[in-house]
Structures are given as C-alpha cells and as structure tokens.
Amino acid sequence: MTSLHMADAPAGVPQDLWLAARRAQANAYVPYSRFPVGAALRAASGTIYAGANVENASFGLTRCAEQSAVQALATAGERTFTEVVVVSSADEPATPCGACRQVLFEFAPEARVYLVNTAGAVRETTVGALLPAGFRL
C-alpha cells in the first residue's frame, strides 16, 4: 500500500481536518492492536478538535479516536460539530465502532463523515447514515 504524504489530503477531504487527524493518528497509543486511528472534527464554532485511540491493558478502558475528539470538544464547552475526518492505515477506510457511532450521534447526527485511509481511499457519509436509529432520551 502506498501511503500519502502527511500533508496531502485526499480529494474532497477538508485539508485542515485531514492534517489534524493525521497528527492525532501519529500520537495514538496502540501497544496492543498496533492499529493507530486519528480523528478530527470541526465544531460549530469552527474550532478543530482532534483525538487518537488510547489503548489500555484493561481493554474496556480503551478510548477510540472518535470518542477522544468528542471528549476534547465537550471539555472545551462545545456541544456540536459539522464534520469529522477519521484516518486509519487499514486497507479500506475504517468505520467507527458502534459505541463511537452513538457518541458521534449524541452531538451531531447530521454531521458529514470522511472515512479515509493513508493510501487515500475515502468513504464519505453522515453520522445519521452510520447509525440510522441512534438512541435518544
């Protein structure tokens, strides 16, 4: 697999979110899976928040990149986002796990999602399409 240079966003993917997601991916803590993922989302204010997956020997304590990015958003006092880029090195762009889909849905069910791998493959969708019957209270 040929990897894109870190500065080169695939066509159609927002450059600033791509760079933030790639930087986060480079900082992922993945001693068990060796599957680094980075995510970056744009809050309604325009601010970008990024996150990486952070694994733990007690696997239930592991946090995915998408959840880390949303936690950064909420910690900063923001409550919604408009788009998110998720980057992995998988052969096909990796999709968020079920828990991450629900976390993303809680804050932005209409947000645009760019699933990208480091070879430049892109799958564009929305949070609502990834979780069509998301849980709401």
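Keep in mind that this is a model prediction, so the values were computed, not measured.
Under a 3.5 Å cut-off, the side chain of Thr80 and the backbone N or O of Phe107 do form a donor-acceptor pair. In this structure a side-chain-to-backbone donor-acceptor pair under 3.5 Å is present from Arg101 to Pro96.
Residue Tyr32 comes nearest to Ala57 through the heavy atom pair OH-CB, 3.4 Å, listed as atom of the first residue, atom of the second, then distance. Here the closest non-hydrogen pair linking Ile48 and Ala20 is CG2-CB, 3.8 Å. Shortest non-hydrogen contact noted between Ala72 and Ala50 is CB-O, 4.2 Å. Between Ser88 and Glu92, the shortest heavy-atom distance links the atoms OG-O, 4.5 Å. Contact detail for Ala65 and Gly51: the closest heavy-atom pair is CB-O, 3.5 Å.
Put simply, SG on Cys100 and CD on Gln67 are 4.0 Å apart, with the number rounded to the nearest 0.5 Å. Note that CD of Glu106 and CZ of Arg79 are 10.5 Å apart. Values are rounded to the nearest 0.5 Å. Distance check, rounded to the nearest 0.5 Å: OG of Ser45 to CG of Leu73 gives 8.0 Å.
Following chains of ILVMFWY side-chain contacts shorter than 4.5 Å, one cannot reach Leu19 starting from Leu115, and the two form parts of different hydrophobic clusters. Leu17 and Val122 fall within the same hydrophobic cluster, where Ile, Leu, Val, Met, Phe, Trp and Tyr residues are linked whenever their side-chain heavy atoms come under 4.5 Å apart, directly or through other members.
The shortest distance between side-chain heavy atoms of Val30 and Asn53 falls below 4.5 Å. Contact annotation: the side chain of Val116 approaches that of Trp18 to within less than 4.5 Å [non-hydrogen atoms, C-beta and beyond]. Contact of the Asn117 side chain with the Asp91 side chain is not registered, since no non-hydrogen atoms from C-beta on lie closer than 4.5 Å. Contact check for Thr118 versus Gln25: side-chain heavy atoms found under the 4.5 Å cut-off. Val13 places a side-chain heavy atom less than 4.5 Å from the side chain of Val85.
Remark: aromatic rings of Tyr49 and Phe81 are distant, center separation not under 6.0 Å.
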- Test side-chain contact (heavy atoms from CB on, under 4.5 Å) on Glu78 and Thr47 and set out the steps. CA-CA 9 Å; Glu78 305 251 17; Thr47 302; 3.9 Å; yes
Could you give the side-chain donor-acceptor pairs of residues 33-44 under 3.5 Å, partners two or more places apart or in another chain?
from  : atom 1 : to    : atom 2 : distance (Å)
Ser33 : OG     : Phe35 : N      : 3.1
Ser33 : OG     : Glu55 : OE2    : 2.3
Arg42 : NE     : Glu83 : OE2    : 2.7
Arg42 : NH1    : Asp16 : OD2    : 2.8
Arg42 : NH2    : Asp16 : OD1    : 2.9
Arg42 : NH2    : Asp16 : OD2    : 3.4
Arg42 : NH2    : Glu83 : OE2    : 3.1

For residues 126-137, which side-chain N or O atoms pair as donor and acceptor with protein atoms under 3.5 Å away, sequence neighbours left out?
from   : atom 1 : to     : atom 2 : distance (Å)
Thr126 : OG1    : Ala129 : N      : 3.0

